[in-house]
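Note that these values count all heavy atoms, side chains included, but never hydrogens, waters or copies made by symmetry. The model shown is predicted, which means the values in this text are computed figures rather than measured ones.
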Amino acid sequence: MASDAAVPAAAAAQPGGPPKRRGSYNCGRCGMPKKGHNCAVQGPAAGKAVLPAAAAGEHHHQQQQAKPRRALQFDDPVTVTVPDGAVVLDAAPLAMAPPPPPPPPAPQPGRKKARVEVEEAAADEDGDEDAAEMAGWVELGAGRRAPGEVVVEVLRRLAPRGVAAAAGVSRGWRECARRVWRRAEEARIRAAGVRPVGALMARCPALARLVLRMDSDLDATMLACVAFSCPNLQSLDISMADSAANRITGDELSRFVSEKRSLSVLKLDGCSNLGFLNVSSSSLSTLWVSGLCSLTKAVMNCPNLNEVSLDFPKQNNDSTDLVALMDSLGRTCPNLRNMHISSIRLCNEAVFALESGNLRGLCMLSLVLGSKITDAAVASIVRSYASLELLDLSGSSITDNGLGMICNAFPDTLTRLLLALCPNITSCGVQVAAAQLPLLRLMDCGKSICANPQPEAGRSYFGDLNGGIKFCSKLPTQKKQQPAYQKLIIKHSSLRKLSLWGCSAIDALYVNCPELVDLNLNSCMNLHPERLLIQCPKLKDVHVSGCRDMLIGAIRNQVLNEFAAAEPRIPCKRLADGSKRVHVPHFMIEQMEEQEKWGGSRKSQCTVHLT
């Protein structure tokens, strides 16, 4: 036969010959598809069949008539019968499944039924897996598959350790894990060294936001690793565990900020070893630095800085010049909108230095723990800023006069007012603030209205025989002073959170706020249950830690309506002459329940927190 003469003998499969290439689905003797084919051509198998032109045209015509199927087809829904009789179907949804292949050609008469040999199946298995991966389908096991995008979305919700473990399942899972790493834009890592952080960031070229929780000491090596591995980093947040220390110096921080030209958000914790703060960046918009101590110089040349937070420890050995710091902030950061400074060295002079800068766009001002801040500083704040939305002067020494200036200056903008730990304000000033600030949504007066303020430590002096002066401690007076109790009335239409924790001088309280959702009465020990009235229908949380049991019971009765809810409602109706009571018909009861269901508003459930 001509076909027998065309088959080259050199291409026959021999033990010492070249290995057969994977992916051949045609018969080596006649060139017909292997699926359902029983070759009748005699002669050795060849790796490549060379057919004459007529035979090749005939085969090409037959292939156009019916496209051959592969030896093992994974594109059709597969039904696998397990030993216990259960049926497992393909996990691919019908809407996303690929189109079914064309039916196989009809078997020719007189030809035996096709068999699938194990050798052919093993040879074609890798080719099917490659085609499935190319089509975007991932094998899940037990004959189940899922689209690659679905697997990627699932892996995105895992921790980095879970994604790394999933990469070892199969080649399809490893490719999905790589796609997760490549697409990752934000990572939250808790690490104890540089090596795991560097190994993770090397897989994430598109990382833009990084949150680090360090369980070990932080030094310049970590900053260098982040700068090298994340070229497009936009946000960096590093917090320290209790046993870890931040050893970054001022030079290292300045170099890191100057090199990362795309960095816009920087938050660092425990920066007690900086020595000085010199930050210069045109892209930085948010800067949070905590744990600062004894800065010799503080220069921040950031024209686009919108938010700054500088937190100093509560220690008397801090020698930072806050006057120079505030002057630098006002001059070099003209676009500041939010400012938070926490230091016991805050004083009126520091506020006056901030006034020299033209910060008319400031919306949030927080000057915390400045016991030397008085009403003079409040007057400077009122002159400098016209649209404050949040003002926090907790720990200051302002009085009701300063509180009145605040109310007169910001009646149309102020929404949050925090005056905790201010011993010189009274309940009258708080009531005026609530009445003159209609947009107020948050008010904190914790530990400000106290019954027994701590007496100031005084010293007396006596002259001795030599003419010198000898100082000695003044003995405490044994005379008991009656505490001056005060009453507080808060009536506001938009207030949502009210904090009166530690206000031991309040013995009578009336709160009428229809929008209030959170009320803090912790340690209000002198508040009488008979002088308490709470009218807040939307109240959700009431904090009563440290209060007396009778007060807690009165609060429960008012906010939960326990006794009113226990009374049953008997449906009844009196006749026109008033002589007899009869039950309301059943259809009227259903109408009343339907009206309450659709028209009546039920009271929201409130929680009383005892701790």
Do side-chain atoms of [X] reach the backbone of [Y] as a donor and acceptor pair under 3.5 angstrom?
X	Y	result
Asn273	Asn246	yes
Arg360	Ser384	yes
Thr413	Leu388	yes
Ser494	Pro438	yes
Ser396	Leu393	yes
Ser283	Leu263	yes

Glu355: partners by salt bridge (charged side-chain N to carboxylate O under 4.0 Å, His left out), with sequence neighbours left out: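 Glu355 satisfies salt bridge (charged side-chain N to carboxylate O under 4.0 Å, His left out) with Arg383 once adjacent residues are dropped.
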
Checking Arg190 now: which residues fulfil salt bridge (charged side-chain N to carboxylate O under 4.0 Å, His left out) with it, not counting sequence neighbours?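 Arg190 satisfies salt bridge (charged side-chain N to carboxylate O under 4.0 Å, His left out) with Asp215 only.
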
So, do [X] and [Y] sit near enough that their side-chain heavy atoms are less than 4.5 Å apart?
X	Y	answer
Leu417	Leu419	yes
Trp288	Glu307	yes
Lys447	Trp501	yes
Leu391	Ile406	yes
Val323	Leu325	no
Ile381	Leu365	yes
Val430	Met443	yes
Ser343	Leu322	yes

Quick one: do Asp400 and Thr426 satisfy side-chain hydrogen bond (donor to acceptor under 3.5 Å, both in side chains)? Show the steps, please. CA-CA 7 Å; Asp400 292 345; Thr426 63; 2.5 Å; yes

Could you tell me whether Glu186 and Arg188 make a salt bridge, using a distance below 4.0 angstrom between a side-chain N and a carboxylate O?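 Looking at Glu186 and Arg188, the cut-off is met.
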
In terms of side-chain heavy atoms, does [X] have a donor or acceptor partner in [Y] at a distance below 3.5 Å?
X	Y	answer
Asn306	Thr286	no
Ser290	Asp269	yes
Thr399	Asn424	no

Could you check Lys538, His492, Arg441 and say which one makes a side-chain hydrogen bond (donor to acceptor under 3.5 Å, both in side chains) with Glu515?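 Going through the options one by one, the only one that passes is Lys538.
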
CG on Asn304 to CG on Leu284, rounded to 0.5 Å: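 Here the rounded value is 9.5 Å.
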
Among residues at least two apart in sequence or on other chains, which ones pass ring pair (Phe, Tyr, Trp, His ring centres under 6.0 Å) with His340?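 For His340 there are no ring pair (Phe, Tyr, Trp, His ring centres under 6.0 Å) partners, ignoring immediate neighbours.
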
